[in-house]
Amino acid sequence: MTLISNADEYSPSAKYNDTHIRARNTIERCNGLLKSRFRCCQKSHQLHYCPEKSGVIINACAVLHNICIHYNARHFSIEELEEDNAWGPIPHDNDTDGLRRNAVALRNFLVTSRFQ
């Protein structure tokens with residue numbers, strides 16, 4: 001859908017244009033957030049899948065993003081992820097050895113993988 005050019009002020013066409021612009025701004029901010037959190041959404045890492053599968057991946061990214069917001073998960077930049085200090089200390093309790101191994105494996109996977 002496109003804007004209506006030369007719409008008269010206070011006309012239904014002008015109202016449509018205003019609503020269209022506000023909706024587009026919201027979508028652009030959402031896309032920017034997903035691209036900054038998930039590298040697979042960036043243009044340089046295009047999803048090489050059929051449109052249906054790409055849609056599922058984008059929806060999964062949106063769900064994961066909402067989960068991160070719900071649990072106040074910190075948003076790391078790519079540069080921070082490449083540094084070990086970004087993850088902070090991992091506990092060495094006997095009860096959490098399995099959890100620690102899983103956290104380290106997940107960290108290493110996230111830092112080194114590219115979703116293609």
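Here, residue 1 is the first one in the sequence, and each next residue gets the next number. The figures here come from the full heavy-atom set of this structure, side chains too, leaving out hydrogens, waters and symmetry mates.
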- Message: My understanding is that a hydrophobic cluster links ILVMFWY residues whose side chain heavy atoms are under 4.5 Å apart, including indirect links. Using that, what else belongs to the cluster containing Val56?
- Response: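 Answer for Val56: none, a lone residue.
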- Tracing side-chain links under 4.5 Å among I, L, V, M, F, W and Y, which residues wind up in one group with Met1?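 Other cluster members: Ile4, Tyr16.
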If you look at every heavy atom in [X] and [Y], which pair is closest and at what distance?
{"X": "Cys61", "Y": "Phe38", "answer": "O-CE1, 3.2 Å"}
{"X": "Ala14", "Y": "Ala7", "answer": "N-CB, 3.7 Å"}
{"X": "Leu3", "Y": "His20", "answer": "CD2-ND1, 3.3 Å"}

- Distance in Å, Ser36 OG paired with Asn31 CG, rounded so as to fall on 0.5 Å steps: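 Separation between the atoms: 11.0 Å.
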- Task: Please identify each residue that fulfils side-chain hydrogen bond (donor to acceptor under 3.5 Å, both in side chains) with Arg22, with sequence neighbours left out.
- Result: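 Listed in chain order: Asp18.
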- Query: Leu33, Ile67: one ILVMFWY side-chain cluster at the under-4.5 Å cut-off?
  - Reply: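 Per the 4.5 Å side-chain linkage, Leu33 and Ile67 are not co-clustered.
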- According to a 4.5 Å side-chain heavy-atom criterion applied to Ile, Leu, Val, Met, Phe, Trp and Tyr, with indirect links allowed, do Leu64 and Ile69 form part of one hydrophobic cluster?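 Each belongs to a different hydrophobic cluster.
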- Considering only heavy atoms from C-beta outward, does the side chain of Cys41 approach that of Ile58 to under 4.5 Å?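 Touching, per the 4.5 Å side-chain cut-off.
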